[in-house]
K.L.:
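I have a structure I would like to understand better, so I am pasting it below and will then ask my questions one at a time.
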Amino acid sequence: MLEIGGDGRTWLLSGPTSSYALSLTEDDSLLHLHWGPRIELADAEELAGRPLPPYRGFESQLDGQEEYPVEGGPRFVRPALSVRTDEVRGTEWAFHAYEVEDDELRLRFTDHGLGITLHYRMRHDVVERWVTLANEGPVVEVLRADSATWTLPLREDWRLSLLHGRWAAESRLVRTDLTYGEKVIGSRRGHTGHQHLPWVALDTEGATEERGEVYGCALGWSGSWRICVAQLPDARVQITGGAGYDDSGLLRLATGESYTTPVFAGLWSDGGHGGASRAWHAYQREYVIPDADRDRPVLYNSWEATEFDISEDQQRELARRAAAMGVELFVVDDGWFGKRTSDRAGLGDWTPNPDRFPAGLKPLADDVHALGMQFGIWVEPEMVNPDSDLYRAHPDWVQFQPGRKRTELRNQLVLNLARGDVQEYLWEKLDDLLSSAPVDYVKWDFNRAFTDAGWPGEPYPQKLWVEHVHAFYKLLDRLRAAHPGVAFESCSGGGGRIDLGVMARTDQVWTSDNTDPLDRLAIQHGFSQIHPARVMAAWVTDSPNTQLNGRVSSLRLRFVSAMAGVLGVGGDLTTWSEEELAEAREWVGLYKEIRPVVQRGDLYRLRPPAGGLSAVQYVLGDEVVVLAWLQAQHYGEPAAPLRLRGLDSAESYECRETGEVHRGAVLLHHGLPTGLRGDFDATVIRLRRI
Ligand code: DGJ
């Protein structure tokens, strides 16, 4: 809901529980008024009437007060917008007009020929903000154009949460007290990166998992990015974020050109971190993720089992075993195309390897379909091995600096997707591929960061950082439109490309290359702070774990860990015993039963993974699912009952596992015994309201 003050200079956006308000002063300063619990327009107008602090020689009247601090004038905070022409640097804007279309508010400003529009849209309790720049004047260089600056209310003692990581250890949650100065996270790698998910949360006054005020901000951008959380000298906190890491030049706008920033979404919740996550999840399921009400199938992927050593017969045999286990989607990973028998060759040549698939992919795809499963393949379209037909034909299609070394990582170079000819080549190859065989699913990988982001001959090569991402989005959008039955997974060496931007055009994401069931609990705990289980792919692989740490774990632990997201199986099924295959079939069957609750339900994190007992709970209507893991039990210390959440205290719940009936109030206040014991134990408990 959007309300506008009588003078047309105060705006109030409200969701079910929260409001966001801003106003324009007489001299066209756009001030932030309120972000928090729902208020009335009269409240916003009272706030708009409060005088600004006086100017002093060393302090700015505007710092910490403005919706979108531009560079220039009496401002010393980090600018959200930094531009320059041949003559001036910075912005001195004037308000032009506001517009409302559907539920979107647009505030238009101009600075000579440059039009700057701030966009606001409330979806549930999430405020979506973005900015468009439209240049009708002389050439403007945009050094930085953040999507939004968020201002928090004055409170004592803010605490900052963020997700940090690296390859195979993504999205681990850390919480620290915020102190004066700036905390900057981001990626200067060309993709979202394993190092941080583009999200921060700030809480205060002792907020907990289920109580207290939490503010969160998440960016929808799959290239380099930056979020800066600043506590200003007067203790006020502002968060500014957008595309690009540095301020050294994002793009150049000639007369008639425009640029739209990615969306930076913000959420206020007074339900603690759990309430904030549930609100983020509901928002993404309704507004971001395509077809989120359609549950994702159980998949099999042979990457860990076979790596590059694949053949049609071997894949057929794995498919047969996967189908017998109840798998619904069979995915052929890397190694099916060109000369791709290792990571040294073939990337770029998107035709089936004739030695491995003599009649192409169709015969295998048909067999997989005949087994009752969907068929999927792996691609990494943005990359090329120097040892490939594509690179031999077009060595200038990669990002490079003239006369400089072309840095290879994983023996590959990055294609310059900003080039129209590269975009057209990839479109044709991928469209042909999806037309040549009945493909239902594409795992889209990206396995190295940008290093030599040059574009010889292009007057403003920096623009490729942004244009690469736009071209990637355009390609995905075009493929989805041409092949509406195909689902896409975003992968970047595991979780290197997970953000609201890619999530709007893919059906799920590969959470991490780390498939160790215990490590995964921490990764999944962090991931769940912002994204829902509906997109979080998780595989059951071999024990001992073949990839990383050799940990030995039971099928039970591996399945219950992976069942917290979109279940997949990724082990070498030819080495699994008949007993293991039969047990796996049982788990897959159980997952299919609980899947609607896991993938579409409300998530409650009952206990974080911290060495002992940890658990999550999902609630959908009358159905409740609890997944619990016991890492290690101390002698004489039974695992504590799990206090459930989100139940009706006056109702009763029947446990499907034991047949026992429990009172809601008892489950909420005294907990549910799990029966877990020993080390590495795990369980699934289903309850139904009766
Ligand atoms: C990295 C991915 O994360 C893996 O799952 C696998 O697809 C490999 N790339 C293949 O090269």
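Along the sequence shown, residues are numbered consecutively beginning with 1. Computed from a predicted model, the values in this text were never measured in an experiment. Every number for a ligand or one of its atoms is a count from 1 in the order of the listing.
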K.L.:
Tell me whether R556 is salt-bridged to E586, with the criterion being a basic N under 4.0 Å from an acidic carboxylate O.
P.N.:
no
K.L.:
Give the table of side-chain donor-acceptor pairs shorter than 3.5 Å for residues 526-537, with sequence neighbours excluded, one pair per line with atom names and distance.
P.N.:
from	atom 1	to	atom 2	distance (Å)
S528	OG	H525	O	2.9
S528	OG	R605	NH1	3.0
Q529	OE1	R605	NH2	3.3
Q529	NE2	H525	O	3.3
H531	ND1	Q284	OE1	2.6
R534	NE	A292	O	3.3
R534	NE	R294	O	3.1
R534	NH1	D507	O	2.9
R534	NH2	D291	O	3.0
R534	NH2	R294	O	3.1

K.L.:
Rounded to the nearest 0.5 Å, what's the gap from OH on Y425 to CG on L390? Could you check?
P.N.:
4.0 Å
K.L.:
Does anything in residues 374-385 pair up under salt bridge (Lys or Arg N to Asp or Glu O under 4.0 Å), and if so which pairs, sequence neighbours excluded?
P.N.:
E382-R497
K.L.:
Could you work out, with side chain to side chain contact (heavy atoms under 4.5 Å, CB included) as the rule, every residue matching R505, not counting sequence neighbours?
P.N.:
Y473, L476, D477, R480
K.L.:
Report yes or no: is the cationic atom of R321 (NZ for Lys, CZ for Arg) closer than 6.0 Å to the six-membered ring centre of W576, at no more than 45° off its axis?
P.N.:
no
K.L.:
Under a 4.0 Å heavy-atom cut-off, which residues neighbour ligand 1?
P.N.:
W303, D333, D334, W378, R410, K443, D445, N447, C491, G493, G494, W510, D513
